[in-house]
Amino acid sequence: MTGHLPVMLHEVLATLAPRDGARYLDATFGGGGYSAAILDSAPRCTVVAMDRDPDAIARGGDLVARHAPRLRLIEGRFGDMLEHLAAHGITALDGVVMDLGVSSFQLDQAERGFSFRADGPLDMRMEKEGPSAADLVNTAPEAELADILFRLGEERFARRIAKAIVERRKEQPFTTTGDLAALVRSKVPRDPSGIDGATRSFQALRLAVNDELGEVERGMEAAAKLLAPG
């Protein structure tokens, strides 16, 4: 195994029921937990694994070597799986697994800027390219920020937070996760459940930076086209 055990591994394997001769797509490779388990469950099946994070692809080298030629890694978004798989001559699949959201690897690396647990650059980009969370926070209009926080984070104090962000950035732009988290916490009441006050805002910004909901919609539509009957 990879040292990374997905939370829903047993349930996913029971539903997927890997069988010899079949081809599966692990659309969110991450630490390779699902890919490894599928390959181990059916010794003569094949797995194509995708991930938009170049770090995840780099981590998968040992697993690919161990299961060659049954495992193939592709760097890219699962929303574009039709094009990526077609480039490798794949037009049908027997099963697709998507473990949606941020990975523990991304959260644990302060330099990736996904988490407020340790101070790091305000980044959040899964692909390490394109506009970052800092770009969004420092340039988006107040109304757009409020909409993102409310719609993607279900943050009740979205307008208050957005107003404070815009006022603060006039004097000094946000560059670190700790800086932004501190401002957000100062504008929301303490949650009796113990959830950090910055949690919903950070979730919203991450979803926006990576267009995660759009990716899910595109990925589901593509998977439906690729899955073989039954």
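The structure displayed is predicted, hence computed values, not measured ones.
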| message | Applying a strict under-4.5 Å side-chain criterion to I, L, V, M, F, W and Y, I'd like to know whether I90 and I57 cluster together. | response | no
| query | Has the side chain of T177 got a donor or acceptor atom that lies under 3.5 Å from a matching backbone atom of G120? | reply | yes
| field | Verify same cluster id: F174, V188 (apolar side-chain graph, 4.5 Å) | value | yes
| If we only count heavy atoms from C-beta on, is the T46 to L71 side-chain gap below 4.5 Å? | no
| message | Less than 4.5 Å apart, side chain to side chain, heavy atoms only: is that true for I38 and L16? | response | yes
| note | Rounding to 0.5 Å, atoms CG (L136) and CG (L122) come to a distance of 9.0 Å
| With side chains defined as the heavy atoms from C-beta onward, is the minimum distance between H67 and L63 less than 4.5 Å? | yes
| Short question: side chain of D51, backbone of G30 - any donor-acceptor pair under 3.5 Å? | yes
| Donor-acceptor contact below 3.5 Å, side chain E142 vs main chain A162 | no
| message | Donor-acceptor pair, distance only, cut-off 3.5 Å: does the side chain of Y24 make one with the backbone of A49? | response | no
| query | Atom OH of Y34 and atom OG of S41: how far apart are they, to the nearest 0.5 Å? | reply | 12.5 Å
| message | Working note: R125 + E129, criterion salt bridge (charged side-chain N to carboxylate O under 4.0 Å, His left out); need CA distance, chi angles, decisive distance, verdict. | response | CA-CA 7 Å; R125 296 172 299 175; E129 60 183 33; over 6 Å; no
| said: Exactly one of R169, R185, R168 should register a salt bridge (charged side-chain N to carboxylate O under 4.0 Å, His left out) with D179. Which one does? | reply: R168
| query | Tell me, do P189 and F157 make a side-chain contact under 4.5 Å, heavy atoms counted? | reply | yes
| note | Between the CG atom in L145 and the CG atom in L205, the distance rounded to the nearest 0.5 Å is 7.5 Å
| Should R112 and D55 count as an ion pair when the cut-off is N to O under 4.0 Å? | yes
| Atom CD of E154: over 12 foreign heavy atoms under 6.0 Å | no
| Check ion pair E75-R52 (N to O, under 4.0 angstrom) | no
| Do L82 and T91 come within less than 4.5 Å of each other through their side chains, counting heavy atoms only? | no
| message | Whether D53 and K128 form a salt bridge (side-chain N of Lys/Arg under 4.0 Å from carboxylate O of Asp/Glu) is what I want to check. | response | no
| task | Kindly say whether R44 contributes a backbone atom to a donor-acceptor pair with the side chain of D20 at under 3.5 angstrom? | result | yes
| task | Examine distances only and state if a side-chain atom of S186 and a backbone atom of L183 form a donor-acceptor pair shorter than 3.5 Å. | result | yes
| Can you name the closest pair of heavy atoms from A208 and I148 and give their distance? | CB-CG2, 3.9 Å
| task | Tell me whether L100 is reachable from L9 by hopping between hydrophobic residues (I, L, V, M, F, W, Y) whose side-chain heavy atoms are closer than 4.5 Å. | result | no
| N210 side, atom CG; M126 side, atom CE - distance, nearest 0.5 Å | 4.5 Å
| query | Are any of the side-chain heavy atoms of C45 and R23 separated by less than 4.5 Å? | reply | no
| said: Check this for me: does any side-chain nitrogen of one of R218 and D80 sit under 4.0 Å from a carboxylate oxygen of the other? | reply: no
| task | Nearest 0.5 Å please: distance from the CD atom of Q203 over to the CZ atom of F114. | result | 13.0 Å
| said: With heavy-atom distances below 4.5 Å as the criterion, would you say the side chains of K163 and R159 are in contact? | reply: no
| query | Is the Lys NZ or Arg CZ of R156 less than 6.0 Å from the centre of F150's six-membered ring, within 45° of the axis? | reply | no
| said: What verdict does the side chain to side chain contact (heavy atoms under 4.5 Å, CB included) test give for M50 and L25, after you've listed the backbone C-alpha separation in whole Å, the side-chain angles of each residue and the deciding distance to 0.1 Å? | reply: CA-CA 8 Å; M50 293 183 63; L25 172 65; 3.9 Å; yes
| remark: On a heavy-atom basis, the closest approach of A204 and G153 is CB-N, 3.5 Å
| query | Do the side chain of S201 and the main chain of A198 share a donor and acceptor less than 3.5 angstrom apart? | reply | no
| query | Under the 3.5 angstrom rule, does the side chain of D99 hit a backbone N or O of T28 as a donor-acceptor pair? | reply | no
| Roughly how far, to the nearest 0.5 Å, is the CG atom of D135 from the CE atom of M124? | 12.0 Å
| field | Side chain N138, main chain P173, donor-acceptor under 3.5 Å | value | no
